[in-house]
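Chain identifiers are assigned alphabetically (A, B, ...) following the order of the sequence lines, protein sequences preceding nucleic acid strands; residue numbering begins at 1 within each chain.
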Number of protein chains: 2
Amino acid sequence: MARTAGSDGQKTEAAIREAAVNLIARHGYEAVTMRQLAAEVGVQAAALYRYFPTKEDLLYDLMTGHMEALIDSWNTVRPPHGDCPARLEAFVANHIRFHVERRHSTHVNNMELRSLSRDRLSAILKLRNRYEKELRTILREGAEDGSFLIEDSAMTAMAIIQMITGVIVWFRPDERLSVDEVTETYLAMTMRLVGAVRHSEKTHVFERA
Amino acid sequence: MARTAGSDGQKTEAAIREAAVNLIARHGYEAVTMRQLAAEVGVQAAALYRYFPTKEDLLYDLMTGHMEALIDSWNTVRPPHGDCPARLEAFVANHIRFHVERRHSTHVNNMELRSLSRDRLSAILKLRNRYEKELRTILREGAEDGSFLIEDSAMTAMAIIQMITGVIVWFRPDERLSVDEVTETYLAMTMRLVGAVRHSEKTHVFERA
DNA sequence: GAAATAATTGAACGTTCGTTTTATTCCTTC
DNA sequence: GAAGGAATAAAACGAACGTTCAATTATTTC
């Protein structure tokens, strides 16, 4: 047997990517075998090597694709400079939406870094740093102009990113909670966390007992 | 050859646990082989099976040990009821200290859940839920007595846990930052996040522009 | 409709995996 | 100092791993 009727390289490659993200997110990169992946795509294992020279090439392809899509998505919604609270809200809202929509891809990027070679690992970390730098800048400028009250912008950036990325660990849409509702609550928590008062909220004054 | 001079079952078992935590945290459960682990311990692979019937038994042993130690550590520092802000501070401080001290063990527990069988997975999740319930209770009671201002105690609990567990991702002691300094900043962020005013801080009033 | 190219199969390669078996040596007890 | 259990080594098991290769069929090109 050989080429099958209706076979199309572009469709096969896309199917490999999709099946790989789902399988790796569920079972982990090391636990997923090329034969298992091929079966999910509906193809023999040897066919995978037409599109990805090695298993690690496939993983790296998935990860770079994810990071570039994340950076692109922020670039399309990023507000102009000034108004740090508005920029922070835009960052958080976009981050949550992006990651909820790509839960499996996010899990792969967060869990499988250690399966990359040194060079590829540092390439991914470079992209990640470029993205996180955006948040650090917002926090630093907001602290300088008095919009925020924070102790350390780098530490705060890590805290916020871990908090808002963690949504994908417990949140499943289609339940009693929508993405918008979750985003709204996380926005409120983030704004309090950085010592800002939200535009749409009443000012609360706490008195010492 | 056979039994080596000075060999001791208890020491070997402890050495296996320690080597396994380090190797699995670094390379992942699936990527670590029994031969690699045995070499790290300084023993042949077959010797491991005297202490752990299967590779998964070893993983499960490490995970339950970690969770039980975590619950124990909270039980020893847990303050009496009432005074929700003090209880929350104690929870956060203990959580950060525990996890920083056991970075590798924490990584194993967070990353390798998918390598457990169904029954063992749910046993670990049960322990985890018991621990997280402590935080949810503090938040709920604090919201009821007016100490905190939060939207949803379950969601807030997840946000806080992910934020404070995330410390181990970026923090390395022995640098310019001590555990106590990091804990102090995270305590401040947590208290603002739940809408509380810390005892030791001045009350800040934000004015609308 | 023949030639060129694209897509895939089926079988095989050597290696490594988790685990088992058997035999051997060390250590403790009396 | 003999006996018996504890701790390990050495070798082997079948299965599964990532990957390669030659052969074969589908599609496109002219």
| query | How long is the line joining CD of A:E13 and P of C:dT8, in whole Å? | reply | 11 Å

| said: Checking A:Y186 now: which residues fulfil ring-ring contact (aromatic ring centres under 6.0 Å, His included) with it, not counting sequence neighbours? | reply: none

| remark: Sorted by chain and number, sequence neighbours left out, side chain to side chain contact (heavy atoms under 4.5 Å, CB included) with B:Y60 holds for B:T64, B:L116, B:R120, B:A123, B:I124

| said: If I take atom CZ in residue B:F52 and atom P in nucleotide D:dA7, what distance separates them, rounded to the nearest angstrom? | reply: 13 Å

| note | Residue set satisfying side chain to side chain contact (heavy atoms under 4.5 Å, CB included) with B:I161, at least two apart, ordered chain then number -> B:E132, B:L135, B:T165

| request: Write down the distance between CD1 (B:I16) and C1' (D:dT8), rounded to a whole number of angstrom. | output: 11 Å

Could you give the side-chain donor-acceptor pairs of residues 33-47 of chain A under 3.5 Å, partners two or more places apart or in another chain?
{"unit_1": "A:T33", "atom_1": "OG1", "unit_2": "A:Q36", "atom_2": "N", "d": "3.0"}
{"unit_1": "A:Q36", "atom_1": "OE1", "unit_2": "A:T33", "atom_2": "N", "d": "3.4"}

| message | If the condition is side chain to side chain contact (heavy atoms under 4.5 Å, CB included), which residues does B:V179 pass it with, not counting sequence neighbours? | response | B:V100, B:F171, B:T183

| Atom-to-atom span, CD of B:Q10 to P of C:dC27 - whole angstrom | 16 Å

| remark: Rounded to whole Å, CG of A:L48 lies from C1' of C:dG10 at a distance of 14 Å

| message | Whole angstroms only, please: what is the NE2-C1' distance between B:H27 and C:dT16? | response | 17 Å

| task | Give a yes/no on whether any side-chain N or O of A:T4 is located under 4.0 angstrom from OP1 or OP2 of C:dT9. | result | no

| Separation of B:R50 atom CZ from C:dG18 atom C1', in whole Å? | 19 Å

| query | Closer than 4.0 Å, any side-chain N/O of A:Q44 to the OP1 or OP2 of C:dG10? | reply | yes

| query | When you check the side-chain N and O atoms of A:T54 and A:D57, is any donor under 3.5 Å from an acceptor? | reply | yes

Check nucleotides 11-18 of chain D for protein N or O atoms closer than 3.5 Å to its own N or O atoms and list the pairs.
{"unit_1": "D:dA12", "atom_1": "N6", "unit_2": "B:R35", "atom_2": "NH2", "d": "3.3"}
{"unit_1": "D:dG18", "atom_1": "OP1", "unit_2": "A:V32", "atom_2": "O", "d": "3.4"}
{"unit_1": "D:dG18", "atom_1": "OP1", "unit_2": "A:K55", "atom_2": "NZ", "d": "3.0"}
{"unit_1": "D:dG18", "atom_1": "OP2", "unit_2": "A:M34", "atom_2": "N", "d": "3.0"}
{"unit_1": "D:dG18", "atom_1": "N7", "unit_2": "A:R35", "atom_2": "NH1", "d": "2.9"}
{"unit_1": "D:dG18", "atom_1": "O6", "unit_2": "A:R35", "atom_2": "NH2", "d": "2.9"}

